[in-house]
Amino acid sequence: MNNNKNIDFDAIVVGSGFAGLALIHYLRDAGLSVKVFDKAADIGGTWTWNRYPGAMTDSEGYYYCLTFSKELLQKWTWSKRYPAWDETHRYMHFVADECDMWPHIQLNTEVTSAEYQKDSGTWLVTTADGKQATCKYFISAMGMISDPVIPKYKGLDSFKGPLFHSARWPEGLEYEGKRIGIIGSGATTVQMLPVIAQKAASVTVFQRTPNFILPAMQKEMTPEWEKDIKDNYDEIIAKCRNHVFGMAFESSVGRNAVDTPAAERQKIFEDNWNGSFRWVFETFDDLLGNADSNRMASEFIINKMKERIDDPEIAKILCPELGEYPLFAKRPPLDHGYLEAYSRDNVNLVDIRNHEPIVEITETGIRTTENEFEFDIIILATGFRAYTGSLEALTIRGESGQTLAEKWDKTSKSIMGVCVADFPNMFTITGPQAPFANLPTSIEQNAMWITDCIKKMKSEGHAICTPKQEAEDEWSAHVADVHSQTLMNEGDQVNSWMMGANIENHEPRVLIYFGGAGVYYDKLRESVDTGFPELTFDSQPQ
Ligand code: NAP
């Protein structure tokens with residue numbers, strides 16, 4: 001039951017991925033009526049949309065999950081170190097089933113607009129079927145990497161075969177024996193290529209910027225490993241809560257690459273080459289903070305990549321040049337046989353940055369400055385408009401009448417990624433200027449902050465919370481200051497989505513707080529403990 005008979009729900013949430021499920025749990029626990037709308041036909045968010053062959057988590061599954069129920073953590077068993085998309089999707093159904101979440105979820109319902117109603121201090125939400133619903137709190141759980149980027153190539157509509165974004169893989173697509181072209185070589189292609197190359201007649205990857213590629217080193221779950229995980233979940237959760245990227249890694253190993261003698265450093269790099277992003281965080285503490293250390297790590301990775309690529313000409317294209325850009329200025333992919341896939345006779349690589357740019361898409365394939373390639377299927381693995389894209393795609397109108405898209409035209413400011421000035425009673429899970437971290441960890445921390453804020457409003461009789469402009473300016477200035485001191489600041493030179501630099505005709509900007517997820521979670525807690533100084537509270541609409 002909602003607490004106010006003049007509105008349909010206390011909270012309307014958009015998106016039924018991890019964030020939507022977490023919000024159902026926390027808000028329902030606080031006694032709110034919650035409705036989650038999702039345009040997809042199933043829950044899962046990322047794990048419903050990204051069904052391309054090979055899709056799987058890059059975080060290890062045992063901490064890429066929701067932690068609000070110790071019972072669920074004990075009950076669920078992951079089959080592998082990195083579960084495939086369908087296993088994660090099954091896990092999300094398990095959570096929804098076990099926690100009786102389905103009555104809160106309405107699928108096949110696309111929210112098109114949400115408009116703040118100044119007179120009543122409520123939100124009016126409109127869906128694509130023309131229906132409307134009102135709520136006190138409007139919350140985005142749409143995910144920070146969910147709005148696909150479609151490149152603007154001439155002739156894109158003229159291709160006669162299937163042509164689609166990687167996050168829109170057509171159900172039941174037969175690709176066995178087909179000639180496939182993939183535009184883009186980021187984390188998605190790195191997962192997809194080795195799998196589709198096994199069945200396709202040929203796969204041709206069109207690469208622009210080379211990536212630092214780290215090995216995933218998949219492992220099956222064993223009973224001993226599972227027992228160890230389940231016996232130590234409190235410690236695992238605490239590790240995630242304190243880690244700079246929200247991962248269950250050691251927060252500090254107490255040594256810097258730059259201070260370590262070369263032979264010892266090499267040995268530490270080598271001994272820890274066991275897969276996952278662990279290597280970046282559990283070898284030395286300064287790989288992302290110190291340019292010299294970052295270069296040492298980059299060199300090690302490039303050499304490791306070269307060892308696995310048979311053809312030196314292919315290696316030249318696939319590996320970044322040392323010093324070209326810092327490790328992590330672009331998010332490095334994790335690979336499961338991507339580099340080896342280029343040794344197959346049916347896999348080709350086209351360097352569209354330095355050798356033959358794409359000119360157009362034709363009826364039968366892709367034409368570059370040098371060649372005409374014929375394909376049966378073209379996949380656009382061209383990434384996402386991160387952090388802001390899904391929010392800007394809706395008409396979200398705040399108190400002044402300005403939309404979020406208008407507000408974020410030149411910069412994308414927020415308060416800690418959870419709320420935005422001029423948008424009262426609206427919250428975002430992992431909005432712009434939140435950290436980039438293991439997402440379930442950040443999602444739960446955000447959901448707890450939002451719930452604590454609403455609990456305070458309920459207990460103190462407030463109807464409206466308004467994010468303060470000065471708090472937004474202050475947070476954004478801090479985020480920009482921290483960003484300017486990191487190596488990730490060079491991401492705009494290499495089209496990094498982490499700075500929105502992958503979007504054509506769009507000014508790169510600071511989208512991520514790089515002060516450390518653990519530090520950020522502390523700041524959220526401090527905000528709760530000090531009564532949410534970033535917000536003003538009113539008992540009735542002004
Ligand atoms: P991405 O990393 O942004 O890569 C997009 C690729 O498309 C890049 O190679 C880019 O080249 C290329 N591209 C973009 N526009 C192009 C154009 N007009 N012409 C030619 N090439 C173009 O996208 P993604 O691979 O989908 O991955 C995005 C993020 O999603 C990842 O970084 C990761 O955070 C997340 N993700 C996670 C997982 C996981 O955890 N399991 C899996 C997949 C993705 P440039 O580099 O030159 O711009």
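This chain uses plain numbering: 1 for the first residue, then up along the sequence. Computed from heavy atoms alone, side chains included, the values below leave out hydrogens, waters and symmetry copies. One-based numbering, in listed order, for ligands and for the atoms of each.
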Does a side-chain heavy-atom distance below 4.5 Å link Tyr342 with Asp310?
-> no
Pairwise side-chain contact, Leu163 with Leu156, heavy-atom cut-off 4.5 Å (strictly under) | yes
Backbone or side-chain N or O of [X] under 3.5 Å from ligand 1 N or O:
X      : value
Asp58  : yes
Pro151 : no
Asn495 : yes
Glu504 : no
Arg331 : yes
Thr209 : yes
Trp47  : no

I'd like to check which ligand 1 atoms, numbered from 1 as shown, lie under 4.0 Å from a non-hydrogen atom of [X].
X      : answer
Ile352 : 20 (C)
Gly184 : 6 (C), 7 (O), 9 (O), 12 (C)
Ser185 : 6 (C), 8 (C), 9 (O)
Gly383 : 3 (O), 5 (C), 23 (O), 26 (O)
Ile183 : 20 (C), 21 (N)
Met56  : 39 (C), 41 (N)

Which of these passes ring pair (Phe, Tyr, Trp, His ring centres under 6.0 Å) with Phe245: Tyr63, Phe328, Phe277, Tyr513?
-> Phe328
Cation-pi between Arg168 and Trp49: NZ/CZ under 6.0 Å from ring centre and within 45° of the ring axis?
-> yes
Quick one: does NZ or CZ of Lys199 land under 6.0 Å from the six-membered ring centre of Tyr175, within 45 degrees of the ring axis?
-> yes
Aromatic plane relationship, Trp76 with Phe94 - under 30° parallel, 30 to 60° tilted, over 60° perpendicular = tilted
[X] to ligand 1, any heavy atom closer than 4.0 Å:
X      : result
Tyr52  : yes
Tyr153 : yes
Phe436 : yes
Lys330 : yes

Trace of the ring-ring contact (aromatic ring centres under 6.0 Å, His included) decision for Phe269 with Phe284 = CA-CA 9 Å; Phe269 276 152; Phe284 298 100; 5.3 Å; yes
Measure the distance from [atom] to every protein heavy atom, then report the residue, atom name and distance (to 0.1 Å) of the closest one.
atom                    : result
atom 5 (C) of ligand 1  : Ala381 O, 3.3 Å
atom 3 (O) of ligand 1  : Trp497 CD1, 3.6 Å
atom 2 (O) of ligand 1  : Gly186 CA, 3.7 Å
atom 17 (C) of ligand 1 : Arg208 NH1, 3.3 Å
atom 30 (O) of ligand 1 : Ile145 CG2, 3.6 Å

Check whether any side-chain N or O of Asn346 sits under 3.5 Å from a backbone N or O of Ala200 as a donor-acceptor pair, and report yes or no.
-> yes
Does the pair Ser251 and Asn242 meet the rule for a side chain to side chain donor-acceptor pair (under 3.5 Å), with working shown?
-> CA-CA 7 Å; Ser251 277; Asn242 293 311; 5.9 Å; no
Measure [X] to ligand 1 on non-hydrogen atoms and call it side chain, backbone, both or neither using the 4.0 Å cut-off.
X      : answer
Ala55  : neither
Gln207 : neither
Phe206 : neither

Within 6.0 angstrom of Asp345 CG, more than 12 heavy atoms from elsewhere | no
More than 12 non-hydrogen atoms from neighbouring residues, nucleotides or ligands closer than 6.0 Å to CD on Glu370, yes or no?
-> yes
Tell me, with the steps shown, if Phe384 and His165 meet ring-ring contact (aromatic ring centres under 6.0 Å, His included).
-> CA-CA 10 Å; Phe384 299 86; His165 189 272; 5.2 Å; yes
Check whether the ring centres of Phe159 and Phe375 lie less than 6.0 Å apart, and answer yes or no.
-> no
Taken to the nearest 0.5 Å, the spacing of Glu220 CD from Trp78 CH2 works out to 14.5 Å
Looking at Glu60, Glu226, Glu87, which hits salt bridge (charged side-chain N to carboxylate O under 4.0 Å, His left out) with Arg81?
-> Glu60
From atom 24 (P) of ligand 1, work out which of Ile503, Leu380, Asn502, Thr188 has a heavy atom at the shortest distance.
-> Thr188
